[in-house]
Amino acid sequence: MDLKLKIWRQTGPDAEGKFIHYPVHNISKDASFLEMMDILNEELVANGEEPVAFDHDCREGICGMCSLYINGHPHGPDDSITTCQLHMRKFKDGETIVIEPWRAKPFPIIKDLMVDRSAFDLIIQAGGYVSINTGGVPDANAIPIKKENADLAMDAAACIGCGACVAACKNASAMLFVSAKVSQFALLPQGKVEAKRRVEKMVAIMDDLGFGNCTNTYACEAECPKDISVANIARMNREFFVAKIS
Amino acid sequence: MTKLDSKIPAGPLADKWTNYKAHQNLVNPANKRKIDVIVVGTGLAGGAAAASLSELGFNVKVFCIQDSPRRAHSIAAQGGINAAKNYPNDGDSIYRLFYDTVKGGDYRAREANVYRLAEVSNNIIDQCVAQGVPFAREYGGLLDNRSFGGALVSRTFYARGQTGQQLLLGAYSALSKEINKGSVKMYTRREMMDVVKIDGIARGIIVRDLVTGKLERHGAHAVLLATGGYGNVFFLSTNAMTSNGSAAWKAYKRGAFFGDPSFVQIHPTCIPVHGDYQSKLTLMSESLRNDGRIWVPKKKEDAEAIQKGNLSPVKIPEEDRDYYLERRYPAFGNLVPRDVASRAAKERCDEGYGVGNTGLAVYLDFKDAINRLGKHVIEARYGNLFQMYEKIVDENPYETPMMIYPAIHYTMGGIWVDYELQSTVPGLFVGGEANFSDHGANRLGASALMQGLSDGYFVLPYTMQNYLADQIGVPHFSTDTPEFNETEKDVQDTIDKLFAVKGNKSVDTFHKKLGLIMWDFVGMARNKEGLEKAIIEIKMLRKEFWQNVSVPGEKIGMNVELEKALRVADFLELGELMARDALHRNESCGGHFRDEYKTEEGEALRDDKNFMFVSAWEYTGTDKEPILHKEPLVYENIEVKQRNYKTA
Amino acid sequence: MSVMYSSITKKIWMSLMGLFLMTFLVVHLGINLLLLFDPTRELFNVVAHFMGTNPIIQIFQWVLFAGFAIHIVLGITLQIQNWIARPKGYKVKASSEDSFFSKYMIHTGVIIMVFLGIHFANFFFKAKIFHSIPEFILNGVNTGMEDMGILVMELFQLPEYVVGYIIALLILGFHLDHAFQSAFQSLGLNHKKYTPFIKGLGHIYSIVITLGYIIIPLFIYFTK
């Protein structure tokens with residue numbers, strides 16, 4: 001298939017960027033989206049041009065490295081997958097595809113379609129853990145955990161930290177990401193011990209970093225490649241409320 | 001010639017690790033602050049070790065190639081992690097896990113290391129549960145177990161199909177806690193370029209900032225490499241795009257011996273290659289073989305019709321299907337170990353019975369399982385995998401049988417390390433897949449996660465401390481020394497040399513060519529003739545690379561092509577060593593299969609008399625023959641037998 | 001305020017005030033509907049007088065004003081922060097919101113605020129500040145109460161006012177449609193069993209309120 005690509009090019013964090021048009025030809029419909037980008041880059045390199053910078057690594061939908069805002073959707077038009085698992089058969093021959101980077105103040109652009117998501121790491125560093133050291137822990141079966149809670153915790157823990165929630169949100173809010181981690185621990189007895197401290201610290205740093213406020217549009221849930229539920233946001237609101245009044 | 005000293009502690013097998021810990025040197029808390037440790041890589045081994053070392057009080061500098069330590073490729077492991085908890089009461093024990101691992105590795109692993117691995121496996125589960133890793137549970141609230149290939153007990157703990165992710169996020173959370181505390185300094189988007197040695201001891205590294213393109217120097221009292229495997233030497237593998245062998249290769253060139261480089265694991269259930277633009281292969285969990293039946297057509301004309309697209313597999317009647325694993329291995333059937341299943345698939349396809357448009361695929365059919373259990377049961381068990389398959393292949397695996405083919409997955413080989421996980425370069429430790437590890441010639445499913453975390457949480461924090469105990473008098477390192485200058489210059493020279501080539505072929509062209517050579521001659525089945533050919537071809541390709549590679553862009557700033565070129569330059573050398581290692585090992589064992597050495601039924605035939613040793617290769621210089629050192633393997637606690645999966 | 005309180009605190013206040021205002025809308029609608037059932041306007045005027053003079057209601061009135069003020073100030077603050085959080089927007093706008101009206105809360109909110117201003121000028125200021133409302137004469141007897149009813153009836157004779165009022169109320173309906181379930185979510189009340197019910201109830205609430213208010217001018221206009 002032949003496609004018209006409109007790709008955001010920006011040489012550095014402070015540079016002015018713009019959209020550049022690239023036609024690509026003879027793309028197999030069985031190719032993945034990133035393989036299509038590889039083909040484009042190979043052509044650019046052959047012509048002595050700078051290839052388009054974009055993040056990617058595992059290419060099997062789990063590392064959370066790939067991003068790309070494709071035709072108005074983070075990770076493209078298909079549901080429940082990351083960009084690396086998106087395949088060209090989801091597009092029509094001759095279609096124009098607009099590819100933009102994640103856009104949010106706390107995610108500055110590094111180059112082209114590559115953004116800096118270290119803000120997410122800072123949020124986790126503020127409290128996304130159980131404060132225990134290696135060794136000296138009880139037997140794994142010493143604490144029984146309700147299966148339903150373990151499953152819900154797993155649902156939340158499935159977050160890959162890709163940032164699609166922030167990219168999708170009209171407010172660039174990180175609530176789904178933060179709440180997924182807060183929820184995972186809130187649901188497990190191991191995490192309850194420092195629940196109050198955790199939610200307060202994580203929310204505080206989230207605000208400081210300049211993410212927007214949640215207005216419950218649920219775009220995050222709709223675009224999340226791992227189908228993380230907004231019920232986690234409600235749970236975090238609850239945790240936060242309880243933490244503040246206690 | 002350096003004599004290999006594996007430093008295995010004396011005493012009975014079960015007491016070795018306890019004795020080691022009881023008698024090792026420790027560093028007092030006040031002195032730990034004075035000591036710096038570098039950790040390269042933030043996968044299970046690196047992340048866990050960095051967090052644990054920081055908890056002890058050391059200053060830790062951590063480097064990762066991705067934008068966040070949470071994205072290391074350990075994250076992609078699906079199935080689970082083994083431990084000898086014996087929660088299901090099915091007769092498991094530390095000894096049995098040890099035994100299965102040694103047997104699964106075809107008796108090419110070091111007894112003491114494997115026993116220690118089995119011993120600490122239980123601590124890993126305790127540790128991860130305490131961290132809040134959401135392992136699967138039963139309705140009673142206790143942990144659930146599943147079974148995996150190569151074992152007769154259920155000892156695999158899992159978190160849906162994302163066990164690697166959850167364990168890595170556990171290690172990442174521990175690491176994040178330490179970063180927050182201030183005792184870990186995290187450097188992301190950095191790639192290690194070289195190891196710096198001062199007076200023969202590893203004292204630092206040179207890294208390249210992948211965003212600015214600048215080279216940086218970092219000094220420390222000890223360096224830990226946890227940089228994963230080198231499966232990407234094959235170009236197509238299940239590894240991540242940035243997974244590479246360069247850190248290990250640079251260590252090798254600085255004097256660390258390379259252990260068993262030819263031991264590579266080929267995973268039988270991957271989605272087949274579909275086009276020459278393909279960038280990577282996707283693994284489908286081994287667990288699929290619990291319910292799927294593997295077959296190819298019995299008649300060659302059927303296979304040919306399928307390849308041409310003229311025949312649908314569902315139209316082939318039962319009597320014309322060849323369930324070759326069940327036919328050849330009645331006892332284990334579709335659940336034979338990975339190396340056996342992979343070779344059997346290759347054998348059928350080589351004979352012309354393969355399916356798919358390339359003829360390089362076999363069917364994994366769930367028809368019988370769906371008829372027996374109902375579609376909803378299969379959906380509950382494998383729904384996410386089926387969905388992933390459909391997204392990639394665009395076929396509904398509930399209706400048409402899945403197509404699978406083996407793919408490079410894991411490297412058992414790596415930097416040779418002693419019992420303390422220290423390489424032959426003092427102060428240079430290696431953990432996880434990057435070391436030659438505990439898996440011998442073949443790794444069992446769910447054992448990689450176990451090894452990574454064992455090294456990281458429970459082994460390295462002890463053994464590195466033993467090494468660091470006499471370093472307390474050494475002050476923090478200045479990186480302004482002739483050794484750092486020289487090593488940085490070496491790196492810069494290589495970069496300059498790459499830019500100076502100004503050829504007209506892309507890096508990927510060379511990488512793909514190398515991958516084909518490796519796959520054809522150093523892949524699933526090897527022989528003397530092919531390996532000799534591979535060595536010549538790799539040498540020629542390397543020469544061509546340095547004459548005709550094109551690296552566009554600038555030296556400063558981000559340059560993805562340069563990154564790739566640096567990695568491929570190393571792969572072009574590493575590939576040759578793999579072929580050399582495979583060539584010298586005149587036997588078949590585990591993942592290393594030589595056509596010349598097989599039983600009458602075509603099974604791997606070991607030569608324990610001549611090859612029961614670890615090959616450790618010493619670098620002697622560019623284009624010079626490396627020296628082979630042998631670490632004999634002594635089995636005192638286990639009876640060495642021919643692996644047999646035909647009868648129980 | 002924006003600096004002092006966390007995003008979630010603001011959201012919680014926002015939703016508490018919103019829910020409070022929603023109860024006020026019900027009370028207000030109940031009083032307005034009295035106009036439909038009593039052509040003499042007596043019922044309406046009696047209740048209006050009670051609301052305008054009862055000391056408890058007078059105190060409570062300030063609580064209500066505070067509720068409006070907090071809701072409005074927070075809404076604007078949150079929105080400004082949200083705009084700052086994405087300095088450069090996308091070329092292709094996203095279309096994945098589950099709750100369609102959620103995208104336009106600030107727009108509908110500002111329109112409602114303007115409407116509220118007009119509404120105040122037309123009724124509240126006239127009654128409370130300018131005291132320019134005629135006295136209510138029932139059956140030739142001066143009741144001593146203000147004839148709020150006639151004020152309403154007169155305004156709803158004007159077609160432009162009726163149309164404006166209906167548009168404003170429709171917009172209020174859109175605002176409420178998202179607001180109802182959103183308030184529960186912000187307060188952490190999300191449950192797989194009850195949330196679908198709350199969403200349904202939110203739709204019903206917003207439709208009933210909107211239709212309830214709209215019927216009144218239409219009735220008055222067409223029965224004049």
Side-chain angles (χ1 to χ4, degrees), chain A residues 28 30-31 34-35 38-39 42 45-46 48 50-51 53 55-65 78 81 85 87 89 110-111 116-118 120-121 124-126 128-135 137-141 143-147 150 153-154 157-158 160-161 184-185 188 190-191, chain B residues 51-52 55 66-68 70-71 73 75-76 85 87 125-127 129-132 134-143 159-160 162 165-166 169 172-174 176-177 179-180 188 211 240-242 274-275 277-280 282-283 388 391-392 394 457 461 506 508 550 552-553 558 560-561:
Chain A
S28 160
D30 291 326
L34 295 185
E35 283 161 2
D38 290 343
I39 294 169
E42 193 127 344
V45 170
E50 274 271 300
D55 269 323
H56 63 100
D57 197 25
C58 79
R59 296 211 177 185
E60 48 188 280
I62 192 75
C63 76
M65 187 96 175
D78 206 355
I81 53 166
Q85 293 199 298
H87 280 70
R89 64 180 81 92
I110 295 172
K111 188 180 180 183
D116 179 0
R117 286 168 289 191
S118 47
F120 272 9
D121 288 325
I124 298 294
Q125 284 159 22
Y129 40 76
V130 177
S131 298
I132 51 143
N133 286 354
T134 304
V137 297
D139 184 86
N141 259 351
I143 323 158
I145 298 173
K146 224 168 110 181
K147 181 172 164 46
M154 180 61 220
I160 56 174
Q184 178 197 340
F185 289 125
L188 299 173
Q190 301 93 305
Chain B
S52 304
E55 285 163 5
Q66 292 90 355
D67 69 339
S68 160
R70 66 178 292 150
R71 308 206 198 278
H73 200 53
I75 205 163
K85 281 284 194 186
Y87 284 155
I125 304 301
D126 298 342
Q127 184 67 31
V129 166
Q131 282 173 345
F135 282 120
R137 287 179 182 266
E138 291 171 343
Y139 282 104
L142 301 183
L143 292 160
R160 286 209 194 126
Q162 292 129 282
Q165 180 201 27
Q166 293 311 314
L169 292 182
Y172 163 73
S173 72
S176 297
K177 164 175 69 73
I179 296 171
N180 188 51
T188 60
V211 175
M241 304 308 284
T242 53
H274 55 77
Y277 49 81
Q278 193 161 348
S279 57
K280 83 153 270 158
T282 304
L283 181 85
M388 182 160 92
K391 294 264 186 209
I392 294 172
D394 201 22
Y457 285 130
S506 74
D508 278 356
S550 154
M558 178 175 291
V560 179
E561 289 298 305

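Nothing here was measured: the structure is a model prediction, and the numbers come from that model. Residue numbers begin at 1 in each chain, while the letters A, B, ... track the order of the sequences.
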Just wondering, do B/Leu169 and A/Tyr129 contact through their side chains at under 4.5 Å, heavy atoms? no
Gap separating the OH atom of B/Tyr277 from the CG atom of A/Asp30, nearest 0.5 angstrom: 5.0 Å
When you look at A/Thr134 and B/Glu55, which way does the side chain to side chain donor-acceptor pair (under 3.5 Å) test go after all the steps? CA-CA 8 Å; A/Thr134 304; B/Glu55 285 163 5; 3.0 Å; yes
Applying a strict 4.5 Å limit to non-hydrogen atoms, the region of B/Ile125 in contact with chain A is both
Restricting to non-hydrogen atoms, name the atom on B/Arg71 and the atom on A/Gly161 that form the minimum distance, rounded to 0.1 Å. NH2-O, 2.9 Å
Could you tell me which residues satisfy salt bridge (charged side-chain N to carboxylate O under 4.0 Å, His left out) with A/Asp116, sequence neighbours excluded, listed by chain and number? none
Closest non-hydrogen atom pair between A/Ile132 and B/Ala130, with its separation: CD1-CB, 3.5 Å
Largest heavy-atom contact set with chain B, pairs under 4.5 Å, which of A/Glu60, A/His56, A/Gln184, A/Glu42: A/Glu60
Would you mind checking which part of B/Gln166 comes under 4.5 Å of any heavy atom in chain A, side chain (CB onward), backbone (N, CA, C, O), both or neither? side chain
Contact class of B/Ser506 relative to chain A, heavy atoms under 4.5 angstrom: side chain
For chain B, which of A/Gln190, A/Arg89, A/Glu50 has the most heavy-atom pairs under 4.5 Å? A/Arg89
Working note: B/Ser279 + A/Arg59, criterion side chain to side chain donor-acceptor pair (under 3.5 Å); need CA distance, chi angles, decisive distance, verdict. CA-CA 9 Å; B/Ser279 57; A/Arg59 296 211 177 185; 2.8 Å; yes
How long is the span from the OG atom in A/Ser131 to the CD atom in B/Gln131, to the nearest 0.5 Å? 11.5 Å
Under a 4.5 Å heavy-atom cut-off, does chain B meet the side chain of A/Ile160, its backbone, both or neither? both
Pairs of heavy atoms under 4.5 Å with chain A: top-ranked of B/Glu561, B/Arg137, B/Met558, B/Gln278: B/Arg137
Part of B/Ile392 lying under 4.5 Å from any heavy atom of chain A: both
With a 4.5 Å limit on heavy-atom distance, are the side chains of A/Gln85 and B/Lys391 in contact? no
If you tally heavy-atom pairs under 4.5 Å against chain A, which of B/Ala51, B/Ala76, B/Gly553 wins? B/Ala76
Can you say whether A/Leu188 sits under 4.5 Å from chain B via the side chain, the backbone, both, or neither, judging by heavy atoms? side chain
To check you understand the geometry: which heavy-atom pair defines the closest contact between A/Ala150 and B/Pro134, and what is its length? O-CB, 4.1 Å
Rounding to 0.5 Å, atoms CZ (A/Arg117) and OG1 (B/Thr188) come to a distance of 11.0 Å
When only pairs under 4.5 Å are counted, which of A/Leu34, A/Val45, A/Ile81, A/Ile143 shares the most heavy-atom pairs with chain B? A/Val45
Is there a side-chain contact between B/Asp394 and A/His87 (heavy atoms, below 4.5 Å)? no
Minimum-distance pair of heavy atoms, taken over all atoms of B/Ala159 and A/Met154: CB-SD, 3.9 Å
Side chain, backbone, both or neither of B/Ser52 within contact of chain A (heavy atoms, under 4.5 Å): both
Which atoms of B/Val211 are under 4.5 Å from chain A, going by heavy atoms: the side chain, the backbone, both sets, or neither? side chain
By a 4.5 Å heavy-atom criterion (distance strictly below it), what part of A/Ile110 contacts chain B: side chain, backbone, both, or neither? side chain
Rounded distance [0.5 Å steps], CG in B/Asp67 versus SG in A/Cys63: 8.5 Å
What part of B/Tyr172 gets closer than 4.5 Å to chain A, counting heavy atoms only: side chain, backbone, both or neither? side chain
Which atoms of B/Gln66 approach chain A - backbone, side chain, both or neither, heavy atom under 4.5 Å: both
Max heavy-atom pairs within cutoff under 4.5 Å with chain B, candidates A/Ile39, A/Asp38, A/Asp78, goes to A/Asp78
Hey, are the side chains of A/Asp139 and B/Lys85 touching, using non-hydrogen atoms and a 4.5 Å cut-off? yes
So for A/Asp57, is it side chain, backbone, both, or neither that comes closer than 4.5 Å to the heavy atoms of chain B? both
Where on A/Ala46 is there a heavy atom nearer than 4.5 Å to chain B: the side chain, the backbone, both, or neither? neither
Whatever's closer than 4.5 Å to a heavy atom in chain B on A/Ala53 counts as side chain
Please check if the number of heavy atoms outside A/Lys146 that lie under 6.0 Å from its NZ is greater than 12. no
Leading residue by heavy atom contact count with chain B [cutoff under 4.5 Å; candidates A/Gly64, A/Gly191, A/Ala153]: A/Gly64
Side chain B/Asp126, main chain A/Ala140, donor-acceptor under 3.5 Å: yes
Side-chain contact test, heavy atoms from C-beta onward, threshold under 4.5 Å: evaluate it for B/Glu138 versus A/Lys147 and give yes or no. no
In terms of heavy-atom contacts, A/Ala158 and B/Gln162 come closest through CB-NE2, 3.6 Å
Do A/Met65 and B/Met241 come close enough that some side-chain heavy atom pair is under 4.5 Å? no
OG of B/Ser173 to CD of A/Gln125, rounded to nearest 0.5 Å, is 11.5 Å
Rounded at 0.5 Å granularity, tell me how far CE in B/Met388 sits from CD1 in A/Ile62. 9.0 Å
Is any side-chain heavy atom of A/Asn133 closer than 4.5 Å to a side-chain heavy atom of B/Lys177? yes
